[in-house]
There are 2 protein chains.
Amino acid sequence: MTVLKDVSGGVALWRRIVDAIRLDIIGGKLAEGDRLPTEAALAERFSANRHTVRRALAVLADEGVVGAEQGRGTFVRNARRLSYPIGKRTRFREGLKGQASSLASVNISNRLENATATVAKALDIRNTSKVVRLEGMSLADGVAISRSTTWLPYRRFADFAERITRLGSTTETFASYGIEDYARASTRISARHADVEETQLLGLAPGAILLVSEAVDVDADGVPISYALSRFPAERMELVV
Amino acid sequence: MTVLKDVSGGVALWRRIVDAIRLDIIGGKLAEGDRLPTEAALAERFSANRHTVRRALAVLADEGVVGAEQGRGTFVRNARRLSYPIGKRTRFREGLKGQASSLASVNISNRLENATATVAKALDIRNTSKVVRLEGMSLADGVAISRSTTWLPYRRFADFAERITRLGSTTETFASYGIEDYARASTRISARHADVEETQLLGLAPGAILLVSEAVDVDADGVPISYALSRFPAERMELVV
DNA sequence: AATAGTTGTCTAATACATTAGACAAATTGA
DNA sequence: TCAATTTGTCTAATGTATTAGACAACTATT
């Protein structure tokens, strides 16, 4: 058996300090304009060297969350995070309206494939049935806020990809199939580290944390119409139920 | 300005591989008993060295999630994760009933304090009003599944701590104050790395990811009765809306 | 019995993470 | 102006993470 000597957990100390300070800011312990504790004080708080703390602060400064001023201290610059509401009638655009001045959805690729066990179960269709698979991402004010993969039954939504590129919104595309109303049947939420592709597309540092939502939408008759796997950077978004 | 040359993100590659494989298992891509891809194949998938993959597999083996057999391959041993349902009528015990044979809640400490801005806003009371603060954690089948901090207005629930130790469940304790029914007003979900205290109490490897839920419960008249900040290890729990 | 495929172990080299100490540069208040 | 406080920069040492290659040990199949 392999004995694990190390207990660092694979997450660098400077990274944990970044997360902790960001949390203090987002959580309201530190307001915009507040001065952070001195580097020496933070070093003591985290049982770390001042250099390690400085590295963490450099990352936060790079994100625009804090800013250092020589001789004065380090100050909170930007403390905001978007909220994405989840409920029976979850609509992407409406949910974020008012929180960002621009909102863009990008279609990355579409393809036809056979449903895996997971997808088939979610959509309540037979294994290996044909499904349409859409890869996309969305941006708020130019910053990536989600990366999503959506599956729809091919039988019913063969040309969904073309329609959504033409119509823009999901709601309107469903409407074009005669589905005037649809509802969220279930949402499962988990969290994990971003993989390489997500890291690049979302413009995150590798190892960033993602909130993962698996959602099934159903039409008025309760028949599943889509299964979406969305990944939100936890440092930019929170989900509100 | 500090230029960040390095882009490793502070999360070790082996740790990201651990998360990715665990997710494949929990997400159903790999079922119990299935053989994982070979170490060489995994190394290619993650653009990593075989040794790095082996380190990740060693961690998963240590957790009992997978087991390697020389000459044959590495197999999935234990694929289960608990689901915690969140909705209008969220009740801790009922939600997890049937998923675990034993369910324990541990009271860590209680104290009286003045509400911070965040707590005051959630409970809709004045800043620095007195609040009761309860620290607790819960275990399913002996494994820690949550660490929670709950605040209640002192004016109404002065002896909440004593009553809940006597009565056991939250629902019954509220009932003892004449609150026969209560509902979830809002739940905000985010994610972050566990800090040192959480790591120890929950028995996690440092750097583990937590799902953080901030929930406000209200009585029948819509008056806030509690504000709870719960932290769930993402590797053991998922939240279902 | 031979072979191909798989995990287990070892050595070694290189890059990243963390600590340590010293001093410079800017700011603030006495 | 002086002194204390704070961030900025540099050098150096040590331990962790990652890669690389080679070979042993075990399993299943031919």
Side-chain angles (χ1 to χ4, degrees), chain A residues 1-21 33-62 65-77 193 195-196 205-207, chain B residues 1-21 30 33-62 65-77 193 196 205-207:
Chain A
M1 201 209 80
T2 314
V3 176
L4 299 174
K5 296 154 205 164
D6 128 90
V7 263
S8 86
V11 180
L13 182 51
W14 64 264
R15 177 65 208 233
R16 301 201 296 267
I17 295 174
V18 166
D19 290 345
I21 295 177
D34 280 5
R35 205 190 80 171
L36 273 70
T38 66
E39 294 173 350
L42 289 170
E44 191 176 0
R45 167 175 162 197
F46 294 110
S47 307
N49 190 275
R50 188 180 145 225
H51 292 290
T52 308
V53 168
R54 280 179 62 73
R55 178 161 191 184
L57 291 175
V59 171
L60 290 167
D62 205 62
V65 174
V66 304
E69 297 177 27
Q70 188 166 352
R72 297 192 63 216
T74 305
F75 300 83
V76 178
R77 291 250 188 285
H193 285 124
D195 68 21
V196 179
Chain B
M1 202 208 82
T2 313
V3 175
L4 297 175
K5 295 153 205 166
D6 128 88
V7 265
S8 87
V11 179
L13 181 52
W14 63 262
R15 166 44 100 131
R16 281 177 272 152
I17 296 174
V18 166
D19 291 346
I21 294 176
L30 291 164
D34 279 5
R35 205 190 81 171
L36 273 68
T38 66
E39 294 174 347
L42 289 169
E44 190 176 1
R45 166 175 163 198
F46 294 109
S47 306
N49 191 274
R50 189 179 145 227
H51 293 289
T52 308
V53 168
R54 279 180 62 72
R55 177 160 190 185
L57 291 174
V59 172
L60 290 168
D62 204 61
V65 175
V66 305
E69 295 177 28
Q70 187 166 355
R72 298 192 62 217
T74 306
F75 299 83
V76 178
R77 291 253 187 283
H193 284 124
V196 178

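Please read all numbers here as calculations on a predicted model, not as lab measurements. Below, each value reflects all heavy atoms present in this structure, side chains not excepted, and no hydrogens, waters or symmetry copies. Note on naming: letters A, B, ... go to the chains in the order of the sequence lines (proteins, then strands), and numbering restarts at 1 for each one.
- Nucleic acid contact class of T52(B) (heavy atoms, under 4.0 Å, all strands): base.
- Of the listed nucleotides (dG8(D), dA17(C), dT7(C)), dG8(D) has the atom at the smallest distance from the side chain of E39(A).
- At dT5(D), none of the side-chain N or O atoms of T38(A) fall inside 4.0 Å of OP1 or OP2 (strictly under the cut-off).
- The CD atom of E69(A) sits 15 Å away from the C1' atom of dT5(D) (whole-angstrom rounding).
- Residue R72(B) places its side chain closer to dT27(D) than to any other of dC10(C), dT27(D), dG8(C).
- Taking only distance into account, the side chain of H51(A) never meets the base of dA17(C) through a donor-acceptor pair shorter than 3.5 Å.
- R15(B) places its CZ atom 17 Å from the C1' atom of dT18(D), with the value rounded to the nearest Å.
- In the set dA17(D), dT19(C), dT7(C), dT19(C) carries the atom at the smallest distance from any side-chain atom of L13(A).
- Atom pair R54(B):CZ and dC10(C):C1' shows a separation of 11 Å (rounding to whole Å applied).
- The nearest whole Å value for the distance from the CZ atom in F75(A) to the P atom in dT27(C) is 11 Å.
- OP1 or OP2 of dT7(D) has at least one side-chain nitrogen or oxygen of T74(A) nearer than 4.0 Å.
- Between the CZ atom of R54(B) and the CG atom of N49(B) there is a distance of 11.0 Å, given to the nearest 0.5 Å.
- Taking 3.5 Å as the limit, the base of dG21(D) and the side chain of R50(B) contain no donor-acceptor pair of atoms between them.
- Taking side-chain N and O atoms only, R55(A) has a distance below 4.0 Å to OP1 or OP2 of dA17(C).
- Comparing dA17(D), dT19(D), dT9(C) against the side chain of A12(B) picks out dA17(D) as the nearest.
- Comparing dA25(C), dT6(D), dA20(D) against the side chain of R35(A) picks out dT6(D) as the nearest.
- Taken from CZ in R72(A) to OG1 in T38(A), the straight-line distance is 15.0 Å, to the nearest 0.5 Å.
- A straight line from CD of E44(B) to P of dG5(C) spans 15 Å, rounded to a whole angstrom.
- Of the candidate nucleotides dT7(C), dG8(D), dT19(C), dT19(C) has the atom lying nearest to any side-chain atom of A48(A).
- Rounded to whole Å, atom C1' of dT19(C) lies 17 Å from atom CZ of F46(A).
- Taking 4.5 Å as the limit, some side-chain heavy atom of R15(A) sits within range of a side-chain heavy atom of V11(B).
- Comparing G71(A) and N49(A) by the nucleotide of DNA chain C whose heavy atom lies nearest to each, the residue mapping closer to the 5' end is N49(A).
- Taking CZ of R16(B) as the reference point, atom NE2 of H193(A) lies at 8.5 Å (rounded to 0.5 Å).
- Put simply, CG on L57(A) and CG on L42(A) are 6.0 Å apart, with the number rounded to the nearest 0.5 Å.
- Atom CG in L57(A) sits about 14 Å away from atom P in dT9(D), given to the nearest Å.
- Across all non-hydrogen atoms, the minimal contact from A56(A) to I17(A) is CB-CG2, 3.6 Å.
- Atom CD in Q70(B) sits about 7 Å away from atom P in dT27(D), given to the nearest Å.
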